[in-house]
Number of protein chains: 2
Amino acid sequence: MNTGPQEVFRALSDPTRRQILLFLAQEDLAISDIAERFDITRTAINKHLAILEEGGLINSEVSGRERRKSLAPKSLKSAFEWLGYFEQFWDIKLADLQREISRDMKEKKESGK
Amino acid sequence: MNTGPQEVFRALSDPTRRQILLFLAQEDLAISDIAERFDITRTAINKHLAILEEGGLINSEVSGRERRKSLAPKSLKSAFEWLGYFEQFWDIKLADLQREISRDMKEKKESGK
DNA sequence: TCCTTACAACACCTTTTGGTGTCATAATAT
DNA sequence: ATATTATGACACCAAAAGGTGTTGTAAGGA
């Protein structure tokens, strides 16, 4: 059930799919409800939904003739954590930058003597 | 210079590119150094690097006949923050779950009377 | 000087992606 | 009972993605 980062990142790579996620963050929606919000066909939306489901990013529940789609936010953690690994480097680079800046300032000072 | 989430997510959607980022997190590398680490041609690697650069995820510096590639981790923030938006829902869903659990327990209690 | 290395720039190919349209079917509303 | 709605299941298509190989060229090493 727990999908790896590949399926998640793949699902996230399309702007339509990311927008769908944002919609589902607001409320659960049936397929046609979602399709209405875009300028593409329901068939196309359906394919996007299938990819989102493969990535485990959304849940689908049958309700009468409807398929009610809901956000499965936990799955986003996989990607979030992958990216989180790089968080350490943001700080390092920032430290580097500050070191550079102080070096530059020092040099300027020296040459100014 | 600041690229939107589209270019970043697009760059992240390929496993080879994500692996390249992990390599560059360890050390700066020239194109051939990177190509050596994979089973695909340097030409293919070059295309991946171009996409990573489009997303602003790596920097390129000419050094003699080499192109030294380095990680530009700040750009990952764009994607990280996009995903961070959903962090609130992780908690909400957890709260939902706990509410359900206590409801279930209550029901069980009631029926047990 | 000559050979090798590191790369850019193409042309080309196959598969995947994102889209369309059509038809069938099951649930719902009139 | 019938019309409408929500969806699944195809077949199909153009463009993008991910790969190959070839050729040219500039920088470094022998």
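None of these values were measured; they are calculated from a predicted model. Each chain gets a letter, A, B and so on, in the order its sequence line appears, and its residues count up from 1.
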Does B/Ser78 use its side chain to pair, donor to acceptor, with the backbone of B/Ser75 at less than 3.5 Å?
no
Starting from C1' on D/dG19, measure out to CG on B/Leu49 and report it in whole angstrom.
15 Å
Taking the six-membered ring for Trp, are A/Phe89 and A/Tyr85 parallel (under 30°), tilted (30 to 60°) or perpendicular (over 60°)?
perpendicular
B/Phe80/A/Phe80 aromatic ring centres below 6.0 Å:
yes
Are A/Glu54 and A/Arg10 ion-paired here, with the side-chain N under 4.0 Å from a carboxylate O?
yes
Has the side chain of B/Ser63 got a donor or acceptor atom that lies under 3.5 Å from a matching backbone atom of B/Arg68?
no
Rounded to whole Å, please give me the gap between CG in B/Leu12 and P in D/dG18.
12 Å
How would you label the contact of A/Thr41 with the nucleic acid (heavy atoms, under 4.0 Å): base, sugar-phosphate, or nothing?
base
Using C1' atoms of five pairs at each end, report the bend of the helix from C/dT4-D/dA27 to C/dT30-D/dA1 rounded to 10 degrees.
30°
Is the shortest distance from a Lys or Arg side-chain nitrogen in B/Glu87 or A/Lys77 to a carboxylate oxygen in the other one below 4.0 Å?
no
Toward the 5' end of DNA chain C, by each residue's nearest nucleotide, A/Arg65 or A/Arg42
A/Arg42
Send over the distance from B/His48 NE2 to D/dT20 P, rounded to a whole Å.
9 Å
Under a 4.0 Å heavy-atom criterion, DNA chain C is touched by chain A from C/dT17 to C/dT28
Just call it for A/Arg68: base, sugar-phosphate, or nothing, with non-hydrogen atoms closer than 4.0 Å on any strand.
nothing
Distance check needed: D/dG8 P versus A/Asn46 CG, whole Å only.
5 Å
SB check B/Arg37 B/Glu27 (cutoff 4.0 Å)
yes
Given salt bridge (charged side-chain N to carboxylate O under 4.0 Å, His left out), test B/Glu61 with B/Lys69 step by step and report yes or no.
CA-CA 6 Å; B/Glu61 193 183 349; B/Lys69 308 291 180 180; over 6 Å; no
Just how far, in rounded Å, is C1' of D/dA16 from CZ of B/Arg17?
12 Å
Length of the line joining B/Ile51:CD1 and D/dG19:C1', which is rounded to integer Å
12 Å
Could you check B/Ile31 against A/Ser63 and say which one's nearest nucleotide on DNA chain C is further toward the 5' end?
B/Ile31
Does D/dG8 have OP1 or OP2 sitting under 4.0 Å from an N or O in the side chain of A/Arg67?
yes
For atom CG of B/Asp14 and atom C1' of D/dA17, their distance in whole Å:
9 Å
Ignoring hydrogens and angles, tell me if any N or O in the side chain of B/Asp33 forms a donor-acceptor pair with the backbone of B/Ala30 under 3.5 Å.
yes
In terms of side-chain heavy atoms of A/Thr43, which of D/dG18, D/dA9, D/dG19 is nearest?
D/dA9
